[in-house]
Amino acid sequence: MTDASLSAKISANQNWLVPLTLLFCVFASRFPVLNDFMVGTDGAWFIYVGGQILHGYWPYVDLWDRKPVGLFLLYAPFSLLGSWQFWGCLLGTDLFTFLTGMLIYKIGCNFATALGGFLCALLYLFLSNCLTAFTGIEAIFYNLFVLSAFALVLLRFEKLQTDSSLLFKTGLQAMAIFGFTIELKPTVAFEGIYLACFLLSLCWLQEKSIKKLLLNSALWIFLALLPTLMIAGIYALHGHWQAWFYANLVSFFQKQGFSAHAPQSLRLYLFIFFFSGGLLLSLKGLKERKIARNYLYFITGWFLIPLFMASAIGEYAAVTLPILLPFCLSFIFLFPIGKKEKAFFLCLLLLAFGGSIIKVAQIWMPLDQYLLYKKSVQTLRQDPDCLFIYGGEEIQNITKQSANCHLTRYPYPSHLGEAKEQKALGISDTNAELAAILQKRPKWIFIGIPIVKTDTNLPKNLLLQHKFIQKELTMHYRVVQTTDTLSSDGIGLYRRID
């Protein structure tokens with residue numbers, strides 16, 4: 001069967017064949033980790049805070065974190081599912097991945113072929129698995145909204161060159177989407193700025209009017225900022241302006257030693273290599289198609305934004321995932337062009353498929369730690385009560401008792417005991433906060449970082465924290481879950497004995 005006939009067959013049955021096939025691929029590739037609580041705990045934290053919001057607690061005031069409120073509200077419905085909440089979260093990430101893939105497919109159909117669009121959608125799925133999108137991390141959710149804003153432009157790409165009223169309408173719609181998305185991930189503002197600048201450049205070319213340019217700019221900026229201004233206003237009206245301002249605009253810059261993980265540094269080079277190779281091959285085969293070439297130039301500019309963010313902030317999965325959108329969309333012309341182009345794309349697709357299988361099958365933490373968490377969760381569910389987590393992963397949302405105990409407004413496991421956070425939490429003495437928590441005599445304490453064999457280069461106050469916790473555990477607690485390799489570091493689940 002030729003490529004043309006295969007593409008025609010896909011187009012003829014696209015109303016059911018493409019969605020069904022893509023949906024099957026999403027669930028089949030992620031089924032092994034469905035409902036595994038320890039597959040990733042960022043989602044568990046967002047669900048926990050979202051659930052507490054539904055019970056009347058305020059982020060930044062009652063539960064401290066620097067993530068935007070909209071992100072917690074996005075995860076809040078999952079908390080209503082009780083013991084099925086993490087299952088619901090993982091199904092939600094699968095659904096958002098599917099919808100994002102379908103939108104990539106639609107854009108591919110608009111500019112190239114149904115087959116090219118479908119294969120790029122599959123590439124997005126496999127690469128997102130390579131970046132652990134199946135764990136419930138936030139990027140897989142906001143990627144759909146970012147792509148929706150860009151799709152408004154891409155699906156109208158040719159008409160926007162000449163239709164000023166459509167251009168104005170598209171700008172309003174795209175900036176409204178970005179306004180909502182900024183409350184999920186503030187750094188998407190840079191992609192929003194890029195899209196707005198592109199639309200404003202078209203506005204200038206069409207109208208040559210400074211007045212129209214300024215009016216559009218003002219309206220679009222207002223729409224993009226409106227959700228954030230509304231949330232800030234709500235906090236201000238309730239007397240919590242300072243808490244909102246510090247968490248959202250100050251604390252990030254007070255973190256110390258923030259840098260990328262060195263072992264992941266190869267990632268960006270691979271993205272750059274394949275993107276550049278695909279771009280050159282596509283441009284070479286599209287010499288006579290001006291719109292297609294302009295599309296690729298536009299995609300290239302978009303690609304550089306999240307690439308720069310990953311370089312500056314660090315190659316964490318949540319930061320790297322936004323690169324996948326322009327990356328995958330840049331290959332839609334490759335498959336129909338020629339044999340070399342097909343071979344290049346299929347090589348990338350096979351590498352992504354292999355990486356997807358390995359990543360889903362791989363336990364993301366050392367096996368002894370993974371087993372410790374699983375056994376600790378079972379123990380806590382059998383005897384639920386107040387739980388304090390010092391370092392490690394989020395597990396306090398596994399029972400109602402531990403979730404609603406509220407020992408501190410700093411319940412995130414890695415805040416009080418992490419060196420880079422010591423001056424970024426808005427409190428002068430984290431040791432005093434720790435002492436206040438332990439005075440409440442929680443029944444359970446989970447230690448997730450070494451407190452016995454500690455790094456002597458740690459700040460003095462953290463070394464004092466470790467000694468203080470050791471003393472408290474020795475006097476009032478006994479270890480109930482640990483492993484031979486972790487017990488010497490003090491890592492494990494402890495139960496109060498008096």
Side-chain angles (χ1 to χ4, degrees), residues 3 7 10-11 14 100-124 127 143-164 166-167 169-171 173-174 177-178 190-206 271-272 274-308 322-338 340-342 344-345 348-349:
D3 296 338
S7 186
I10 291 175
S11 299
Q14 62 181 336
T100 305
M102 285 302 300
L103 200 46
I104 290 173
Y105 166 73
K106 186 173 183 180
I107 294 170
C109 290
N110 188 64
F111 281 92
T113 64
L115 179 59
F118 176 70
L119 292 176
C120 286
L122 282 183
L123 179 64
Y124 176 79
L127 287 177
N143 262 10
L144 175 60
F145 299 115
V146 171
L147 181 59
S148 298
F150 274 88
L152 289 170
V153 174
L154 292 172
L155 295 175
R156 305 165 178 172
F157 200 72
E158 193 167 1
K159 291 182 179 179
L160 289 174
Q161 314 294 321
T162 55
D163 192 333
S164 59
L166 181 62
L167 176 65
K169 177 183 176 182
T170 300
Q173 293 169 338
I177 293 173
F178 266 108
F190 293 101
E191 291 168 270
I193 291 170
Y194 170 74
L195 186 61
C197 288
F198 173 77
L199 293 174
L200 287 172
S201 68
L202 293 181
C203 176
W204 174 254
L205 290 173
Q206 292 175 17
F271 277 123
I272 293 170
F274 280 106
F275 183 88
S276 302
L279 181 66
L280 291 173
L281 288 171
S282 295
L283 289 174
K284 185 179 178 182
L286 296 169
K287 291 181 179 179
E288 306 301 322
R289 294 184 58 186
K290 182 179 178 181
I291 290 296
R293 291 172 68 86
N294 288 340
Y295 164 91
L296 287 172
Y297 297 144
F298 175 73
I299 292 294
T300 300
W302 178 12
F303 173 75
L304 294 175
I305 305 299
L307 182 71
F308 172 77
I323 295 175
L324 297 188
L325 296 176
F327 182 80
C328 294
L329 284 169
S330 69
F331 299 107
I332 62 172
F333 297 109
L334 275 185
F335 209 78
I337 291 178
K340 285 190 301 183
E341 291 77 10
K342 289 176 188 175
F344 181 87
F345 181 82
L348 173 59
L349 190 63

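For the pair I104 and G117, the tightest heavy-atom approach, listed with the atom from each and the gap, is CG2-O, 4.3 Å. Nearest approach of L195 to A174, heavy atoms of both residues: CD2-CB, 3.8 Å. Of all the heavy atoms in S282 and L334, the pair that sits closest is OG-CD2, 3.5 Å. When every heavy atom of A292 is checked against every heavy atom of L286, the shortest pair comes out as CB-CD1, 4.0 Å. Here the closest non-hydrogen pair linking V146 and E191 is CG1-OE2, 3.7 Å. The heavy-atom pair separating G101 from A121 by the smallest distance is O-CB, 3.2 Å.
How far CZ of F275 is from CG of L280: 10.0 Å, rounded to the nearest 0.5 Å. The structure places CD of E158 at 10.0 Å from CG of N294, a figure rounded to the nearest 0.5 Å. The SG atom of C120 lies 10.5 Å from the CG atom of L127; values are rounded to the nearest 0.5 Å. Note that CG of L123 and CZ of F345 are 5.0 Å apart. Values are rounded to the nearest 0.5 Å. Separating the CG atom in L279 from the CD1 atom in I272 is a distance of 13.0 Å, to the nearest 0.5 Å. With rounding to the nearest 0.5 angstrom, the CG atom of L348 is 8.0 Å from the SG atom of C328.
T170 places a side-chain heavy atom less than 4.5 Å from the side chain of L166. Side-chain contact between T300 and S330: absent, with no pair of heavy atoms (C-beta onward) separated by less than 4.5 Å. With a 4.5 Å cut-off on side-chain heavy atoms, Y297 and L283 count as touching. Considering only heavy atoms from C-beta on, L147 comes within 4.5 Å of I107 through its side chain. Residues L119 and I332 have side chains not in contact (no heavy-atom distance under 4.5 Å, counting atoms from C-beta outward). Put simply, the side chain of K340 reaches to within 4.5 Å of the side chain of K284, judged on heavy atoms. Taking 4.5 Å as the limit, every side-chain heavy atom of F111 sits out of range of all side-chain heavy atoms of L329. For the pair L325 and T100, the minimum side-chain heavy-atom distance is below 4.5 Å.
Considering only residues two or more places apart in sequence or on other chains, F327 meets the ring pair (Phe, Tyr, Trp, His ring centres under 6.0 Å) condition with F271, F331.
Checked against a 6.0 Å centroid threshold, the rings of W302 and F150 count as neighbours.
The number of heavy atoms from other shown groups lying within 6.0 Å of CD (Q161) is above 12.
Using bins of under 30°, 30° to 60° and over 60° for the plane-to-plane angle, the ring pair Y295/F333 lands in the perpendicular bin. Using cut-offs of 30° and 60° for the angle between ring planes, the F198 and F298 rings count as tilted.
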Kindly indicate, with the supporting measurements, whether the criterion side-chain contact (heavy atoms from CB on, under 4.5 Å) is fulfilled by L296 and R293.
CA-CA 5 Å; L296 287 172; R293 291 172 68 86; 5.6 Å; no
